[in-house]
Amino acid sequence: MQNAQPKASHFINGEYVEDTNGRPIPVIYPATGEVIATVHSATPAIIEQALAAAESAQAGWAAMTGTERGRILRRAADIMRERNHDLSVLETLDTGKPYQETSVADATSGADALEYFGGLAGSLTGEHIPLAGGDFVYTRREALGVCVGIGAWNYPTQIACWKAAPALACGNSSIFKPSETTPLCALQVAEILVEAGLPAGVFNVVQGLGDVGATLVTDARVAKVSLTGSVPTGKKVYAAAAAEMKHVTMELGGKSPLIIFDDADVEAAVSGAILGNFYSSGQVCSNGTRVFVHKGIKAAFLKRLSERLARAVIGDPMDPDTSFGPMVSEAQLRVVEGYIAKGRDEGATLSYGGARLDRDGFFLEPTVFSDVTDDMTIAREEIFGPVMSVLDFDSEAEVMSRANATQFGLAAGVFTSDLTRAHRVVAGFEAGTCFINTYNDAPVEAPFGGSKASGVGRENSKAAIEHYSELKTVYVRLSQLEAPF
Ligand code: NAD
């Protein structure tokens with residue numbers, strides 16, 4: 001049996017901290033169903049320690065030059081890359097995602113974020129604005145203070161780094177609460193940051209369920225909250241933050257459209273649909289789960305899709321040949337099974353998969369429904385599992401209005417060989433992140449985030465700096481100051 005027990009549950013003020021009075025949270029390896037570690041939910045005393053540590057460390061960290069802060073972040077990126085194998089194994093244990101994925105997508109993308117924002121840190125400045133009479137304004141780009149990050153369970157290392165890197169680059173301190181389902185990886189990120197020279201208290205990790213997150217969000221010492229999670233949780237967290245006028249970034253769920261026109265390269269479109277539905281067993285927020293296929297190529301698309309899915313290697317996630325792993329938990333698997341039953345009941349055609357595998361762990365076949373209509377539950381709600389809905393369409397105008405007819409607006413994609421149409425279609429998408437002839441690429445250099453109910457703000461890229469700092473305006477008068485009396 002695997003053992004992934006961390007040194008302690010929390011990481012506060014530069015060291016591991018335990019308080020066994022907190023409710024135990026078992027960590028289950030999704031490929032076997034075995035308990036591989038137990039952490040304890042943060043007690044009020046632990047939450048207080050984390051807040052006090054983050055608050056007292058912040059001013060000193062912000063007083064360092066951006067270049068000094070950036071050097072530490074870049075050193076942490078180097079350490080993460082050196083330890084990629086071990087971190088990837090831990091990510092696989094935490095999430096069940098195949099090592100084939102984790103070794104190229106998790107610690108590596110976390111390292112990219114630390115390196116990118118480490119590189120930007122030294123060049124974060126305000127501006128000088130000349131005015132009449134020699135007067136001028138200058139702006140200071142200042143840190144917000146203590147930033148709370150709250151994570152989902154699908155990318156525990158990446159989410160911790162996507163939130164920590166811009167926050168720390170701007171001079172904030174941070175408290176990160178991982179998902180209770182995947183609590184292990186963020187502790188490694190904290191350890192590595194301290195090893196790279198991060199002062200104690202600047203980045204802290206506390207464990208717990210939603211109640212711990214909610215306590216952090218409402219504390220007066222917290223200036224900003226960044227959540228990656230579902231829309232219902234986002235609405236609660238956004239409302240709690242708004243009550244105290246706190247800054248927010250909300251990275252929430254989606255039901256994104258992927259439109260495949262009849263002039264598309266079908267092989268590439270099938271690749272896009274596979275990447276946009278079955279990577280990480282479909283547990284990716286930006287997945288293009290509503291695949292609109294032009295009627296003329298529907299049969300060819302479905303045939304090729306089934307042939308390609310039959311090549312998926314499903315099994316032990318630690319085997320480098322495995323390309324499709326289990327769902328993260330029994331609970332999530334049951335949610336997805338419920339949607340598969342609804343798809344059948346509501347009259348969609350099950351074209352591929354649909355069944356749980358007869359083995360330990362939480363394995364579900366990659367599943368494709370065709371003949372899906374817009375009103376079906378599987379076409380409206382986020383499933384967050386390996387279930388693709390294929391819908392037919394006739395014309396561009398029709399498919400655009402159907403693609404946008406959703407509360408979500410996280411991502412959207414189009415496959416076509418018509419360049420003009422491709423740009424016209426993405427201009428018409430109501431979504432924050434769009435793809436032409438590809439799907440789900442998310443380099444750190446590019447803004448990532450959703451519109452409509454899928455989110456507020458952007459992660460990654462220079463845009464994230466706006467969400468982790470604020471401008472102070474300083475008016476300097478050199479001309480004579482006069483008053484009316
Ligand atoms: P979730 O909303 O159940 O939980 C997310 C996090 O919020 C967890 O850490 C949870 O403990 C915490 N939480 C729950 N209630 C809270 C409260 N009242 N106050 C503060 N924190 C609270 O989501 P999940 O099931 O862990 O993850 C799946 C969801 O995340 C999907 O909807 C998916 O689309 C979304 N997601 C979005 C992105 C993105 O970048 N847009 C990325 C990954 C996942």
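Values below: all heavy atoms of this structure, side chains included; hydrogens, waters and symmetry mates excluded.
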Give, for atom [atom1] of [X] and atom [atom2] of [Y], the distance between the pair rounded to the nearest 0.5 Å.
| X | Y | atom1 | atom2 | answer |
| --- | --- | --- | --- | --- |
| E346 | Y339 | CD | OH | 10.5 Å |
| D375 | R380 | CG | CZ | 7.0 Å |
| Y279 | I274 | OH | CD1 | 13.5 Å |
| F11 | F176 | CZ | CZ | 14.5 Å |
| S88 | K97 | OG | NZ | 9.5 Å |
| I383 | S389 | CD1 | OG | 5.5 Å |

May I ask you to check whether [Y] and [X] place their ring centres under 6.0 Å from each other?
| X | Y | value |
| --- | --- | --- |
| F261 | F393 | yes |
| W153 | F384 | yes |
| W162 | F448 | yes |

Are [X] and [Y] close enough that some pair of their side-chain heavy atoms sits under 4.5 Å apart?
| X | Y | answer |
| --- | --- | --- |
| F363 | M327 | no |
| R141 | L471 | yes |
| N460 | Y116 | no |
| T289 | N277 | yes |
| L209 | I25 | yes |
| T322 | Q100 | no |
| Y439 | L258 | yes |
| E101 | E91 | no |

query: Given the rule in the side chain to side chain contact (heavy atoms under 4.5 Å, CB included) test, do I192 and L114 qualify, once you have shown the distances and angles that lead to the verdict?
result: CA-CA 11 Å; I192 287 169; L114 291 164; 5.9 Å; no
Could you check whether any side-chain N or O of [X] sits under 3.5 Å from a backbone N or O of [Y], counting only pairs where one atom can act as donor and the other as acceptor?
| X | Y | value |
| --- | --- | --- |
| R74 | F117 | no |
| N84 | S103 | yes |
| R69 | A169 | yes |
| E382 | G254 | yes |
| T367 | V387 | no |
| T249 | S226 | no |
| S174 | V148 | no |
| T433 | G449 | yes |
| Q283 | V328 | yes |
| D112 | P443 | no |

message: Could you work out, with side-chain contact (heavy atoms from CB on, under 4.5 Å) as the rule, every residue matching A111, not counting sequence neighbours?
response: A77, M80, R81
List the atom of [X], the atom of [Y], and the distance in Å for their closest heavy-atom pair.
| X | Y | result |
| --- | --- | --- |
| C170 | A143 | O-CB, 3.3 Å |
| S469 | I465 | OG-O, 2.7 Å |
| S230 | L252 | O-CD2, 3.6 Å |
| S41 | G208 | OG-CA, 3.5 Å |
| P326 | S281 | O-OG, 3.4 Å |
| S306 | Y352 | O-CE1, 3.7 Å |

field: Over 12 non-hydrogen atoms of neighbours within 6.0 angstrom of NZ in K452
entry: yes
query: Around atom OH of Y238, are there more than 12 heavy atoms of other residues, nucleotides or ligands at under 6.0 Å?
result: no
Please check if any side-chain donor atom of [X] sits under 3.5 Å from a side-chain acceptor atom of [Y], or the reverse.
| X | Y | answer |
| --- | --- | --- |
| T102 | T92 | yes |
| K255 | T406 | no |
| D418 | T416 | no |
| S370 | S351 | yes |

Between the side chains of [Y] and [X], is the shortest nitrogen-to-carboxylate-oxygen separation below 4.0 Å, so that they form an ion pair?
| X | Y | answer |
| --- | --- | --- |
| E244 | K246 | no |
| K295 | D394 | yes |
| E396 | R424 | yes |

task: Classify the angle between the aromatic ring planes of H85 and Y99 as parallel (below 30°), tilted (30 to 60°) or perpendicular (above 60°).
output: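 If you compare the ring of H85 with that of Y99, the planes turn out perpendicular.
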- request: Any pair with a residue in residues 400-409 that passes salt bridge (charged side-chain N to carboxylate O under 4.0 Å, His left out), sequence neighbours left out, goes on the list, sorted by first then second residue, please.
  value: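 Qualifying pairs: D374-R402, E398-R402.
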query: Given the rule in the side chain to side chain contact (heavy atoms under 4.5 Å, CB included) test, do N287 and N440 qualify, once you have shown the distances and angles that lead to the verdict?
result: CA-CA 7 Å; N287 272 355; N440 265 352; 2.9 Å; yes
message: Evaluate C285 against L410 for side chain to side chain contact (heavy atoms under 4.5 Å, CB included), listing each step before the verdict.
response: CA-CA 8 Å; C285 53; L410 187 53; 3.6 Å; yes
Trace of the side chain to side chain contact (heavy atoms under 4.5 Å, CB included) decision for S329 with I28: CA-CA 8 Å; S329 65; I28 293 166; over 6 Å; no
- request: Is it possible for you to check whether K298 lies under 6.0 Å from the centre of the six-membered ring of F301, through NZ or CZ, and within 45° of that ring's axis?
  value: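 No cation-pi geometry.
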task: List in chain and number order the residues that pass salt bridge (Lys or Arg N to Asp or Glu O under 4.0 Å) with D219, two or more places apart in sequence or in another chain; answer none if no residue qualifies.
output: R221
